[in-house]
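These notes concern the structure reproduced below.
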Protein chains: 2
Amino acid sequence: MDNIKKDNTEQKILEAAHTVFIRKGMDGSRMQEIANEAGINKALLHYYFRTKQKLFEAIFKQVLNKAFPGIKEFLYSDIPIEIKIGAFVEKYMELLIQNPFIPMFILKEINRDPESLAAVIKNQGVNPHEVFASFEKEMDKGNIRRINPKDLLVNMLALSIFPVAAKPLMTVMFFDNNEEDYKSFLAERKNTVKEFILNSILIK
Amino acid sequence: MDNIKKDNTEQKILEAAHTVFIRKGMDGSRMQEIANEAGINKALLHYYFRTKQKLFEAIFKQVLNKAFPGIKEFLYSDIPIEIKIGAFVEKYMELLIQNPFIPMFILKEINRDPESLAAVIKNQGVNPHEVFASFEKEMDKGNIRRINPKDLLVNMLALSIFPVAAKPLMTVMFFDNNEEDYKSFLAERKNTVKEFILNSILIK
DNA sequence: GTCTATATGGCGATAGAC
DNA sequence: GTCTATCGCCATATAGAC
């Protein structure tokens, strides 16, 4: 049947595009390279996705969906704030370690085309303002010290994302080009970031 | 005299290239656009810098020099550690606020071509290992709690750099597209980051 | 649906007049 | 030193056979 063939090819294209786009970004990627990676012909890419732009958008959405994980689940539970934050940092850094190209991919493209970002994000069910509100509540209850909730969330993200995005810089400057050292640093960091944050906001 | 004309043009080219490269990166920039920005002809770019690559490298070095400020001065002084760290964060964030394109520019290019990074960095007189050593000393003296000094420096950088690099993302997600709100958040953040770090590492 | 061949346009780079 | 004109290449995209 035709649909089977179609699904296979479309799937192969999506996977190949993902591989190439995430490594080189929209500007740096070539349709030919994607075709090679998929083991098919360049013309087929256009047959399935018409333009490079449209193919890219498909991948962009797919990656954003992975990068903004179910924040609801992290938010709506009755566990104490310090457990919540710790779990989020740990889970999120684990995701980034497994998918180290996500941060740079998103950072690059949101700077290249900020407009298309807003559209995609609204379809995600991610609402930071709810997170801010839940932080405020914990401050009111006296469980953590007063801090701008936006700063707190930005700090959580920054501490998790930056060392992954800046891997080449860090490997050169901090680890004398030894990748293994960088990797074990990052693995250990799941704990140190958690400690660093909680040390700062918990009231002792 | 010829040299005057030459210096003027070369200077104009460098400024134009800086403007364009920093906004769109190496891949996204066009020689034609740089020529327009400089108010000159495309051929003249090649006359002065031969290739796009060489022109880019000139800008890259220039930006790196700005982005890695005199870390010596920050390091070799007898002021207490909490003042030192506070001053660094404040000075560095001020630099980034004045030059908001620096973080993305560097992040993008170090991922595109990590090799050329090491070479340039070594010529900068920046030695992170000395910073690590000075952190260790403060821990030995009991002035700050024990923490991997690499984590501490990464945290200082991450908290300062990330919100600048992720401006479009934050403006959309946290500030409902209101740029003014983002700006005042960033201005205020010079203090909140300082507090956040010191709260975490100072022994109370 | 998949391929080969080609159209079309843009880009970096060079030749050559002034 | 600066310009116009153009080369040669490579990338996206399409036409058309199978």
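Note that the structure is predicted; figures quoted are calculated from it, not measured. Below, read A as the first sequence line, B as the second, and so on, with proteins coming before strands; counting in each chain starts at 1.
Taking B:E57 as the reference, B:Q53 meet the side chain to side chain contact (heavy atoms under 4.5 Å, CB included) condition, with sequence neighbours excluded.
Here the closest heavy-atom approach between residue B:P103 and residue B:V164 is recorded as CG-CG1, 3.8 Å.
Within the 6.0 Å centre-distance limit, the rings of A:F88 and A:Y92 are counted as a close aromatic pair. Residues A:F185 and A:F174 place their aromatic rings such that the two centres sit no closer than 6.0 Å.
In this structure, the CZ atom of A:F49 is 14 Å from the C1' atom of C:dG1, given to the nearest Å. For B:N36 and D:dC3, the CG to P distance is 12 Å, given to the nearest whole Å. Protein atom CZ of A:F56 is 17 Å distant from nucleotide atom C1' of D:dA11, rounded to whole Å. Here the P atom of nucleotide D:dG16 and the CG atom of A:L44 are 18 Å apart, to the nearest Å. To the nearest angstrom, C1' of D:dG1 lies 17 Å from CD of B:Q11. Atom pair B:I34:CD1 and C:dG12:P shows a separation of 8 Å (rounding to whole Å applied). Regarding A:Y47, its OH atom lies at a distance of 14 Å from the C1' atom of D:dC18, rounded to whole Å. With rounding to whole Å, A:Y48 atom OH is found 17 Å from D:dT14 atom P.
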Please report, to 0.1 Å, the donor-acceptor pairs under 3.5 Å made by any side chain of residues 13-21 of chain A, with sequence neighbours excluded.
residue : atom : partner : partner atom : Å
A:E15   : OE2  : A:Q11   : NE2          : 3.4
A:T19   : OG1  : A:E15   : O            : 3.0

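Distances shown here put a side-chain N or O of A:T9 below 4.0 Å from the OP1 or OP2 atom of C:dT2. Between A:H46 and D:dT14 there is no side-chain N or O to OP1 or OP2 distance below 4.0 Å.
Salt bridge present: B:D140 and B:R146 bring a charged side-chain N and a carboxylate O closer than 4.0 Å.
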Taking N or O atoms only and anything under 3.5 Å, show me the protein contacts with nucleotides 4-11 of chain C, one pair per line.
residue : atom : partner : partner atom : Å
C:dT4   : OP2  : A:N41   : ND2          : 3.1

